[in-house]
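One structure is given below, encoded as structure tokens.
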Amino acid sequence: MAAQESPSPKYRRIADALKRAVATGEFGPGDRLPGENELMARHGVARMTARQALGVLTSEGLAEARKGAGVFVRDFQPIRRRSVPRLAREQWGEGRSVWAADVPDRELVVDEVSVGEEPAADAVAARLDLTPGDAVIVRRRRFVLDGKPVLLSTSYFPAGLVAGSAITRPDTGLGGVYARLAELGAAPARFREEVRSRMPAPEEADRLCLPAGTPVILIGRTAATADGRTVEVNEMILDSSAYVLEYDVDA
């Protein structure tokens with residue numbers, strides 16, 4: 001007779017029950033979840049087990065712990081990142097930000113921006129067809145939505161191409177960097193994105209205000225002209241609990 005599989009740990013079963021309660025609307029956005037004492041009494045478990053159960057929901061981005069107040073269902077609505085239409089020329093070519101395509105009815109704010117010239121690291125130089133150490137213009141930004149940091153973005157451009165343009169200034173104007181590249185005769189005609197995931201470095205977790213156990217999504221994008229010249233390398237770090245990546249592809 002085959003041995004039965006061991007049941008899942010108690011904390012996991014409690015967490016699953018809480019997630020079902022959130023999914024069915026028993027606990028709505030902003031509601032306080034049962035605390036450790038209530039879970040201990042209700043399920044007959046130790047404090048550590050109750051704490052682990054609540055920790056599952058916070059690590060998965062479904063809830064957030066507020067110091068001295070308890071654990072609450074997150075009321076943050078995920079961003080739907082529509083990767084294909086956001087990069088279409090009719091978006092940035094008509095003066096709209098590619099970032100605005102993700103949240104048309106909400107305000108995505110850049111609360112940190114720095115622009116400067118740096119020597120190109122080996123990996124960046126290879127993607128821009130430069131020699132390591134060649135000058136690149138680097139734009140670093142942090143994006144905040146509804147008061148929550150959601151994205152860190154670092155873009156690299158060949159300094160010889162964009163020197164003296166608005167790309168070297170914090171405010172690039174309507175249409176952003178792609179509209180400015182078009183004005184320089186280097187309009188992007190093709191984009192390539194690579195997506196992967198990992199746990200954040202301490203500095204990344206701090207800048208994105210991530211709860212423990214939350215992974216990040218990494219998106220590396222290159223923008224190339226019609227003749228194949230790469231004019232931008234963009235490395236993005238996203239709060240995985242804040243984003244839904246959406247791809248529409250015609251068959």
Side-chain angles (χ1 to χ4, degrees), residues 1-83 102-103 105-106 108 142-152 193-219 236-249:
M1 182 176 177
Q4 292 184 342
E5 293 185 3
S6 299
S8 59
K10 284 185 178 181
Y11 80 88
R12 177 62 66 175
R13 297 200 297 273
I14 297 171
D16 288 343
L18 289 172
K19 287 192 284 186
R20 285 194 296 272
V22 172
T24 59
E26 181 180 344
F27 297 107
D31 286 349
R32 184 182 184 278
L33 292 171
E36 293 177 9
N37 290 338
E38 184 175 345
L39 292 176
M40 290 165 60
R42 182 185 301 177
H43 297 280
V45 296
R47 183 174 300 279
M48 182 55 67
T49 301
R51 185 170 298 167
Q52 287 177 303
L54 292 169
V56 170
L57 273 71
T58 57
S59 67
E60 293 182 2
L62 298 175
E64 59 183 358
R66 301 176 189 171
K67 190 173 182 179
V71 178
F72 295 79
V73 179
R74 287 189 68 183
D75 58 6
F76 182 87
Q77 297 301 310
I79 303 165
R80 301 196 71 85
R81 186 181 189 274
R82 298 174 172 87
S83 297
D102 299 334
V103 284
D105 301 321
R106 301 155 76 189
L108 190 63
R142 184 174 78 163
F143 290 80
V144 175
L145 183 65
D146 300 341
K148 168 74 172 69
V150 294
L151 167 69
L152 306 176
E193 289 191 343
E194 297 180 349
V195 182
R196 60 192 179 94
S197 180
R198 61 165 168 77
M199 297 306 296
E203 180 187 4
E204 295 165 351
D206 182 60
R207 294 187 65 202
L208 288 171
C209 302
L210 297 177
T214 304
V216 291
I217 299 170
L218 307 180
I219 299 179
M236 292 161 275
I237 303 173
L238 291 66
D239 173 0
S240 63
S241 68
Y243 276 87
V244 174
L245 305 186
E246 181 178 300
Y247 295 87
D248 292 315
V249 181

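All values below were derived from every heavy atom in this structure, side-chain atoms included, with hydrogens, water molecules and symmetry-related copies excluded. For this chain, numbers begin at 1 and follow the sequence in order.
- Met48 CE: 12 or fewer foreign heavy atoms inside a 6.0 Å radius.
- Between Leu33 atom CG and Leu39 atom CG the span is 8.5 Å, to the nearest 0.5 Å.
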Decide side chain to side chain contact (heavy atoms under 4.5 Å, CB included) for Leu238 and Leu245; before the verdict, give the C-alpha distance in whole Å, the side-chain angles of both, and the deciding distance to 0.1 Å.
-> CA-CA 11 Å; Leu238 291 66; Leu245 305 186; 4.3 Å; yes
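- For Arg47 (side chain) and Met40 (main-chain N/O), no donor-acceptor pair under 3.5 Å exists by modelled atom type.
- Applying the side chain to side chain donor-acceptor pair (under 3.5 Å) rule to pairs touching residues 197-209 yields Glu112-Arg207, Arg198-Glu204, sequence neighbours excluded.
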Quick one: do Ile14 and Val56 satisfy side chain to side chain contact (heavy atoms under 4.5 Å, CB included)? Show the steps, please.
-> CA-CA 10 Å; Ile14 297 171; Val56 170; over 6 Å; no
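- Interatomic distance, CD1 of Ile217 versus CG of Asp239, reported as 8.0 Å (0.5 Å rounding).
- Listed by chain and residue number, nothing satisfies the side-chain hydrogen bond (donor to acceptor under 3.5 Å, both in side chains) test with Arg20 (two or more places apart in sequence, or in another chain).
- For the pair Val195 and Leu218, the minimum side-chain heavy-atom distance is 4.5 Å or more.
- At a threshold of 4.0 Å, the pair Arg81-Glu193 counts as salt-bridged, since one of the basic side-chain nitrogens sits closer than that to a carboxylate oxygen.
- Summarising the local packing, CZ of Arg66 is surrounded by more than 12 heavy atoms from other residues, nucleotides or ligands at distances under 6.0 Å.
- The pair Asp16-Lys19 meets the salt-bridge criterion, with a side-chain N (NZ, NE, NH1 or NH2) lying under 4.0 Å from an Asp/Glu carboxylate O.
- Evaluation of the side-chain hydrogen bond (donor to acceptor under 3.5 Å, both in side chains) rule for Gln52 yields no partner, not counting sequence neighbours.
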